[in-house]
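Reading through the structure tokens given below for one structure.
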Amino acid sequence: MNEDDRFSVLAIFQTLKAKTSRLLDPVVQSEGLTLLQACVLGHLYQQDAAVGDISGLAVIDQANASSLCKKLEQEGYLTRTRRASDRRVVILSLTPRGRETVERLQARLNHYLDLLNALPTDAKEELIRGFRAANQMLDYLFEQTKGD
């Protein structure tokens, strides 16, 4: 990879980040949430999880995940309970308010899914391959640079 390619990769990731925020921030902000908070609630909509699981999902350290979840608890979106078999583990569950919020977000996001589903099959498959490749590249870079 030459120097021009390195800056192209940086520009691509910055563009993806900016466009994702521009597209999704208004949707989640309509519920008074950040994109990260909405992702956490969306995960919990599918299943209860430990704070450590949220840390991995959100790609943040456990202390920040814990703070994020405490804030969501204070705002009435989730409950935090200690696992009976291991009191160190905190299990997160959505409250009715959290569940209703995710359902409203899902309804708004369905428009984007409809647009994506309208794409030709080969275009959708190419997008999915590209996203998976980018995710693998980032996982590889994180793994190779741990502790840097």
Taking all heavy atoms of [X] and all of [Y], pick out the closest pair and write down the distance.
{"X": "L57", "Y": "H43", "value": "CD2-CB, 3.5 Å"}
{"X": "R97", "Y": "Y77", "value": "NH2-OH, 3.2 Å"}
{"X": "I54", "Y": "C69", "value": "CG2-SG, 4.1 Å"}
{"X": "A38", "Y": "L105", "value": "CB-CD1, 4.0 Å"}
{"X": "N64", "Y": "D61", "value": "N-OD1, 2.8 Å"}
{"X": "P26", "Y": "S21", "value": "CD-O, 3.8 Å"}

For R80, enumerate each residue passing the salt bridge (Lys or Arg N to Asp or Glu O under 4.0 Å) test, keeping only those at least two apart in sequence or located in another chain.
-> E73
Contacts of E125 that satisfy salt bridge (Lys or Arg N to Asp or Glu O under 4.0 Å) - sequence neighbours left out | none
Working to the nearest 0.5 Å, report the span between [atom1] of [X] and [atom2] of [Y].
{"X": "K19", "Y": "Q14", "atom1": "NZ", "atom2": "CD", "result": "11.5 Å"}
{"X": "R104", "Y": "T101", "atom1": "CZ", "atom2": "OG1", "result": "4.5 Å"}
{"X": "K17", "Y": "I12", "atom1": "NZ", "atom2": "CD1", "result": "16.0 Å"}
{"X": "Q106", "Y": "L41", "atom1": "CD", "atom2": "CG", "result": "11.0 Å"}

Any side-chain donor paired with an acceptor under 3.5 Å for Y45 and E103?
-> yes
Output, in order, the C-alpha distance, side-chain angles, deciding distance and verdict of side chain to side chain contact (heavy atoms under 4.5 Å, CB included) for L141 and Q144.
-> CA-CA 5 Å; L141 291 172; Q144 297 302 311; 5.7 Å; no
Backbone N/O of [Y] and side chain of [X]: donor-acceptor pair under 3.5 Å:
{"X": "Q37", "Y": "T34", "answer": "yes"}
{"X": "S93", "Y": "T79", "answer": "no"}
{"X": "D53", "Y": "A50", "answer": "yes"}
{"X": "Y112", "Y": "L23", "answer": "yes"}
{"X": "S55", "Y": "I60", "answer": "yes"}
{"X": "S30", "Y": "V27", "answer": "yes"}

Indicate, with yes or no, if L92 and L35 share a hydrophobic cluster defined by side-chain heavy-atom contacts under 4.5 Å among Ile, Leu, Val, Met, Phe, Trp and Tyr.
-> yes
May I ask whether L24 and L16 are part of the same hydrophobic cluster, defined by side-chain heavy atoms of I, L, V, M, F, W, Y residues being less than 4.5 angstrom apart, directly or through others?
-> no
Check against side chain to side chain contact (heavy atoms under 4.5 Å, CB included), V102 and L44 = CA-CA 9 Å; V102 172; L44 294 174; over 6 Å; no
Just so I know, are the side chains of [X] and [Y] near enough to count as touching, which here means a heavy-atom distance under 4.5 Å?
{"X": "L33", "Y": "L72", "value": "yes"}
{"X": "I91", "Y": "V51", "value": "no"}
{"X": "E126", "Y": "F131", "value": "no"}
{"X": "D48", "Y": "L94", "value": "no"}

Verify the neighbour count for atom NZ of K71: are there more than 12 heavy atoms of other residues, nucleotides or ligands below 6.0 Å?
-> no
Quick check: are there more than 12 heavy atoms from other residues, nucleotides or ligands sitting under 6.0 Å from CZ of F13?
-> yes
Run the side chain to side chain contact (heavy atoms under 4.5 Å, CB included) check on V90 and R83 step by step: do they pass?
-> CA-CA 6 Å; V90 176; R83 183 178 287 161; over 6 Å; no
Under the side chain to side chain contact (heavy atoms under 4.5 Å, CB included) rule, what do L115 and H111 come out as? Steps first, then yes or no, please.
-> CA-CA 6 Å; L115 292 172; H111 174 66; 3.6 Å; yes
